[in-house]
Amino acid sequence: MHSSAVFLIEFGAIILGLGLLGRLAARLRFSPIPLYLLAGLAFGEGGLLPLGTSEEFVAIGAEIGVVLLLLMLGLEYTAGDLVSNLKTQYPAGIVDATLNALPGAAMALLLGWGPIAAVVLAGITWISSSGVIAKVLGDLGRIGNRETPVILSILVLEDLSMAVYLPVVTALLAGTGIAAGSVTLAIALGVASVVLLVAVRYGRHISRFVSTDDPEKLLLVVLGLTLVVAGVAQQLQVSAAVGAFLVGIALSGEVAEGAHNLLAPLRDLFAAVFFVFFGLHTDPASIPPVLLPALALATVTTLTKIATGWWAARRAGISGRGRWRAGGTLVARGEFSIVIAGLAVTSGIDSDLGPLATAYVLILVVLGPLTARYTEPLALRLTGSRGRTHPAREPEAGPGAEPGAGTGAGPEGKAEPGTDAQAGGGPEPVAPDQETPVSRP
């Protein structure tokens, strides 16, 4: 059969399968992410039906999926909100790094892998998956919730930290030392700072340049601009996800609203492809030998991520329910962890590091959507009725709350995140003990 025909059949089967899995997840009132990952396992290395000609296209689609997820999240907030949250949430970033990087480093040392492997595994356990979390927030209808700006601030701090971490790790794995990678590090920091400065100071001009009444032209310009900035950022050792996110916050007003509506279907399509691609590169046979260490590490870092989100939301004046939701949402690991593990595997640092990282990420990328949904009700049940009996005593934003942390919305013309259908079937009905998300005016 002609290769193009095989490609169309394979890729069409993937998309059709994802659609059916999405419908099944909607019927079960469950996030489709774990089902997408299992589909990837079935079509990947060691799976039931490995792909052939369409794998390269799926890889490109996966990269676009991560970029679009972060672009859409950035469209919900203004540059002013970002700077304000970063200034006030940097202690949460320090707590996040301390609580979640140390378990990975300790595990590597206990297994006898050495200090370089410890630095690598620390990064794998530290960084949450921006792509998975952005999808979960949309699936659960929580983008407008009061705790979401806190979650977003932690994710952005982690993503920006990668601009420092990745060049350092690359230099260590190459055996050249940190000093030899100082030029790459300086470039990465400079590019991230320049892009952020442009987004803050010239965001309105960018929006005016992009603005048009023609939906087709708006879609092409916004998508093209995002991919160019993400590609340039990636080339300069800055995360493509960070570049896409900064493009999103640079756009405001009607442009942000129009781009959000136009890009939502594309985001959903390519985000699903991203999760399938992750599963494609996981050989099920490599998981059992490292399953116990991976489970132990996943258990510890699930608790530390929940503690991180709870502490950060409490510091921002968010109520008890929002604190638990923030902690549970941060659990998932994904794209950055796999990138870090890939660097280590390529360098040949330790043959078991790759399978351990894969098993660890697979566990948490499946567990993450579950903790995002069930941490709050489980915590309230275990702690009694305090979160339900006296809601008036637990205000969302107290006198010491950070600017913007308790609002979940961006001023200065940016459309506030709404409760319309976003990423996979729209929000869930609000439970009696759940805070009502902020509605789009």
Side-chain angles (χ1 to χ4, degrees), residues 7-8 10-19 21-22 31-47 49-73 124 127-136 138-139 155 159 162 166 223 226-231 233-235 238-245 247-248 263-283 332-343 345-346 354 357-358 361-362 364-366 368-369 423-424:
F7 164 77
L8 291 175
E10 287 185 352
F11 193 65
I14 291 173
I15 300 302
L16 177 60
L18 292 177
L21 290 174
S31 173
I33 292 173
L35 299 181
Y36 293 160
L37 287 166
L38 292 175
L41 285 173
F43 289 106
E45 301 175 7
L49 186 61
L51 293 180
T53 58
S54 64
E55 184 172 352
E56 184 176 354
F57 185 82
V58 171
I60 297 173
E63 294 184 19
I64 296 175
V66 175
V67 167
L68 290 180
L69 282 168
L70 271 294
L71 169 66
M72 297 291 282
L73 200 57
I124 292 171
I127 305 298
S128 297
S129 171
S130 299
V132 173
I133 291 171
K135 184 76 167 73
V136 168
D139 287 340
L155 293 178
D159 288 346
M162 288 295 95
L166 287 177
L223 182 58
T226 302
L227 293 176
V228 168
V229 172
Q234 187 80 8
Q235 186 67 26
V238 181
S239 166
V242 172
F245 179 80
V247 170
L263 289 169
L266 285 176
R267 183 269 315 272
D268 295 341
L269 170 62
F270 286 106
V273 172
F274 162 70
F275 297 117
V276 170
F277 178 74
F278 181 85
L280 288 176
H281 290 268
T282 303
D283 185 356
R333 309 309 200 270
E335 58 274 8
F336 271 130
S337 298
I338 294 301
V339 169
I340 297 168
L343 291 174
V345 170
T346 302
T358 300
V361 173
L362 185 61
L364 290 186
V365 83
V366 172

Exercise. With sequence neighbours left out, what residues match V365 under side chain to side chain contact (heavy atoms under 4.5 Å, CB included)?
Worked result: L37, V132, F278, L362

Exercise. What pair of heavy atoms forms the shortest contact from G61 to V273, and how long is it?
Worked result: C-CG1, 3.9 Å

Seminar exercise, completed: Distance col, row I133:CD1 vs L70:CG, nearest 0.5 angstrom, shows 10.5 Å

Exercise. Between K135 and P32, what is the shortest heavy-atom contact and its length?
Worked result: NZ-CG, 4.2 Å

For this session: Kindly compute the distance separating CG (L266) from CE (M72), expressed to the nearest 0.5 Å.
Result: 9.0 Å

Exercise. How long is the span from the CD1 atom in I64 to the OG1 atom in T226, to the nearest 0.5 Å?
Worked result: 11.5 Å

Problem set entry | Atom pair CZ/CG of F270 and L263 - distance to nearest 0.5 Å | 11.0 Å

Problem set entry | Nearest heavy atoms of G22 and Y36, plus distance in Å | CA-OH, 4.0 Å

Exercise. How many angstroms lie between CG in L223 and CG in L71, if you round to the nearest 0.5 Å?
Worked result: 8.0 Å

Exercise. Is the closest side-chain heavy-atom distance between I127 and R333 below 4.5 Å?
Worked result: no

For this session: Applying side chain to side chain donor-acceptor pair (under 3.5 Å), name anything that partners S337, two or more places apart in sequence or on another chain.
Result: none

Problem set entry | Residues that S128 engages under side chain to side chain donor-acceptor pair (under 3.5 Å), provided they are two or more places apart | K305

